[in-house]
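Order of the sequence lines fixes the chain letters, A, B, ..., with proteins taken first and strands second; residue numbering starts at 1 for each chain. As the structure is a prediction and not an experimental result, all values here were calculated from the model.
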Amino acid sequence: MFNKKLLFVLVLSFLLVFTGISFAKVKIQFWHAMGGWRIELLKNMAQDFMKQYPDIEVEVQYTGSYRDTLNKFKAAVQAGNPPHIVQIYDIGTQQMIDSGLMVPVGDLIAKDPTIDSGVFMDQVTNYYRVGGKLYSMPFNSSNPILYYNKTMFKEAGLDPNRPPRTFEDILAMGKKLLKKDNKGNIIQTAITWPMHTWFFEQFMANQNAPLVNNGNGRLKRATKAIFNSPAGLKIFKFWKQLTDEGLMLNTKKEDWDEANQYFLSKKVAMLITSTSDVTFIEEQAKKQGFELGTFFLPRPKDSETGGVVIGGATLWMSKDHPKKEIDAAWTFMKWMASEKPQITWHTKTGYFPVRKDAVLTLMSNGYYQTHPNHLTALLQLLMSKQTFATNGAVIGPFPKVRDIIESAIEKMLAGDMSCEDALAWAEKQSTKAIQEYNELYK
Amino acid sequence: MRKNYSIAYILLIPTFIIIISFIYYPAFYTFKLSFHRMAPFGNRVIYVGLKNYIRLFQDPEYILSIKITFWFLLFTVSLGMLLSFLFALLLNEKVPGTRFYRTLIFAPYAISPAIAGTLWAFLLNPVVGHLNYILLKLFGFQVEWLTTRPYAFFSVAFATVWKNLAFGIIFYLAGLQSVPDDLIEAAMIDGANTFRRIVSIILPYLSPITFYLIIMNIISSMFASFGTIDVMTAGGPAGSTSILMYKLFLDAFTYSRTGAAAAQTVILFVFMVIVTIVYFTYGQRSVHYQ
């Protein structure tokens with residue numbers, strides 16, 4: 001009797017322990033850099049995932065800006081405790097590759113029969129494919145578009161259905177949009193975009209001009225900056241002329257919110273910023289009572305046709321984890337880039353879907369008929385010529401190069417340097433930064 | 001007696017463990033790193049000798065940053081000291097509601113530099129900022145405080161002064177309350193006016209405090225104003241608010257130039273050593289009565 005009881009207890013406890021282990025959830029960490037209301041959105045998306053895959057638990061952690069997330073990831077790697085999946089911005093790509101710590105997503109796709117790499121849009125994967133290999137999973141992609149205030153256009157006697165296409169258009173229309181009070185204070189003016197090198201990069205790509213040598217860093221590691229070109233000078237001169245004539249409001253370094261604020265408070269009639277704010281700006285424009293239009297990024301009149309570079313971020317998988325966890329992380333990553341979550345993400349933010357089937361579903365639903373502004377960036381991307389210039393530069397010290405170009409623009413606007421000198425200085429400094437970085441990987 | 005010593009050493013062990021692991025080891029490691037270059041993920045470290053230092057002093061941006069830091073310190077410390085002395089004099093008066101004013105004036109000291117920066121950024125915002133609104137209504141002009149020179153520099157410097165003010169006021173107030181009343185009365189009987197009393201009695205009496213405050217203000221302007229700058233101007237426009245500490249932050253945490261950042265830390269360390277030596281050499285013997 002006693003023995004039987006003991007046996008029963010033993011068996012039961014064994015069963016409990018083992019079923020407990022086999023049902024134990026695989027825990028994976030996911031770090032992201034999507035602030036504000038997007039924190040909640042991503043949490044909800046992860047919840048949806050966990051409902052479908054109850055044996056995987058995803059810990060979603062907001063880790064600050066793109067820059068902070070990359071830094072925290074670096075610190076975590078050095079402490080030997082990296083998350084499984086981390087969202088890293090476009091310009092961190094080369095550093096992430098050089099770390100040698102990541103699993104190239106292209107390899108995972110090749111091994112997995114349930115996913116077809118052809119389903120992703122080439123324009124997106126082209127950016128993250130370096131040396132023929134896809135390194136990270138496309139997730140949130142954007143490009144810059146022109147937002148304009150149709151109501152202000154009408155008031156200034158401009159055709160609200162004919163937004164500017166070229167730099168020259170903006171200068172000409174800008175003069176009509178500029179309003180001063182009797183003391184010479186600018187009450188209203190033409191345009192703003194954040195003081196950010198991203199826009200320089202985009203204006204370059206829109207003229208099909210590369211930033212660095214060796215196929216924009218895509219054939220071989222880039223060794224030299226080459227943006228001191230006629231295309232680069234056109235951008236610098238445009239920026240300077242707009243500012244000098246009072247047609248443009250400049251922001252603090254990399255201050256996206258300030259530019260949005262200028263536009264939404266009707267201080268300017270046009271805004272160039274990422275499509276990722278489409279939903280937000282649409283809602284705000286409604287509140288402010290003006291009619292919103294969106295259009296493609298302008299370029300100089302007599303320049304080569306190029307296109308826009310995708311911006312945003314991708315999901316990276318770090319290597320040093322047990323196979324079981326890598327598998328779970330891969331399941332989650334695949335799910336995040338699958339059709340439904342991509343549709344949710346696109347419609348709630350404005351980042352465009354990275355998959356063709358998501359676009360097809362939205363097309364057949366008639367979504368774009370009621371949301372034309374969500375289509376602008378997508379169409380602009382699809383109409384972009386695919387070259388090394390429009391696929392985007394791959395530069396190790398990209399954050400530093402961005403800072404150099406921003407400093408050069410600020411110096412030019414403050415009148416310290418001519419457009420030519422500022423551009424030449426920026427190119428020289430960038431080359432120096434690139435060479436300094438490359439010394440590490442000789 | 002010997003036994004007592006060993007107990008003392010044992011009791012000190014926890015303190016030393018903490019000091020060594022959080023101060024001495026990182027400091028030593030920083031010195032070491034300043035002679036190396038490190039890949040962003042730390043997976044490659046190359047010995048480069050003095051190259052990090054040489055590059056720094058060849059970099060015109062770094063030289064500019066040294067100059068800016070100098071002017072920034074001069075402006076914030078001198079204006080901060082002057083204002084805190086004047087405020088302390090006023091708060092030392094026996095006016096009704098002094099306690100209330102004191103509390104209000106000390107408030108900025110209690111908030112973090114980043115929040116101070118945010119508050120000022122709001123006030124100085126070109127579109128919705130209060131200051132520009134008032135300027136426009138009263139005088140009919142507006143200034144882009146944070147994006148044009150030299151206004152950005154003065155905006156940041158003034159925010160730093162405002163933030164540090166309370167610290168100076170507290171010390172001056174304590175000092176003023178310890179000035180013997182009979183000394184002041186004697187001076188009044190001798191016919192010294194307010195100005196004369198301040199210059200000949202109060203200032204000399206407070207000179208040790210002044211000296212201490214100068215050192216503390218240098219330290220806080222140099223290191224604690226980082227948060228304010230990051231929020232208000234991010235070092236711009238054209239590097240005109242990029243003090244050494246901010247540059248160090250950028251190199252360490254934005255550009256992953258660990259070696260260069262370590263070298264800058266060592267330079268700041270040397271600067272602080274000099275300030276400390278000056279303080280300990282002159283700090284004690286700077287009391288002068290006239």
Heavy atoms only, distances under 4.5 angstrom: which of [options] has the most pairs with chain A? Name it, please.
options: B:P40, B:A121, B:A39; answer: B:P40
options: B:A234, B:A152, B:A238, B:G235; answer: B:A238
options: B:S242, B:S256, B:S240; answer: B:S256
options: B:R55, B:M232, B:Q142; answer: B:R55

Write out, in numerical order, the residues from [range] with a heavy atom short of 4.5 Å from a heavy atom in chain B.
range: residues 410-425 of chain A; result: A:E410, A:K411, A:A414, A:D416, A:W425
range: residues 77-87 of chain A; result: A:V77, A:Q78
range: residues 95-102 of chain A; result: A:Q95, A:M96, A:D98, A:S99, A:L101
range: residues 186-201 of chain A; result: none

Working for side chain to side chain contact (heavy atoms under 4.5 Å, CB included), residues B:V48 and A:E439: CA-CA 11 Å; B:V48 291; A:E439 281 170 17; 5.8 Å; no
Hey, are B:E61 and A:K400 close enough for a salt bridge, meaning a charged N less than 4.0 Å from a carboxylate O?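 So B:E61 does not pair with A:K400 through a salt bridge.
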Find out whether B:E144 and A:N250 are in side-chain contact, i.e. whether some heavy atom of one side chain is under 4.5 Å from a heavy atom of the other.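 Answer no - side chains too far apart.
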Candidate pair B:T254 and A:D403, rule side chain to side chain contact (heavy atoms under 4.5 Å, CB included), full reasoning: CA-CA 10 Å; B:T254 306; A:D403 179 68; over 6 Å; no
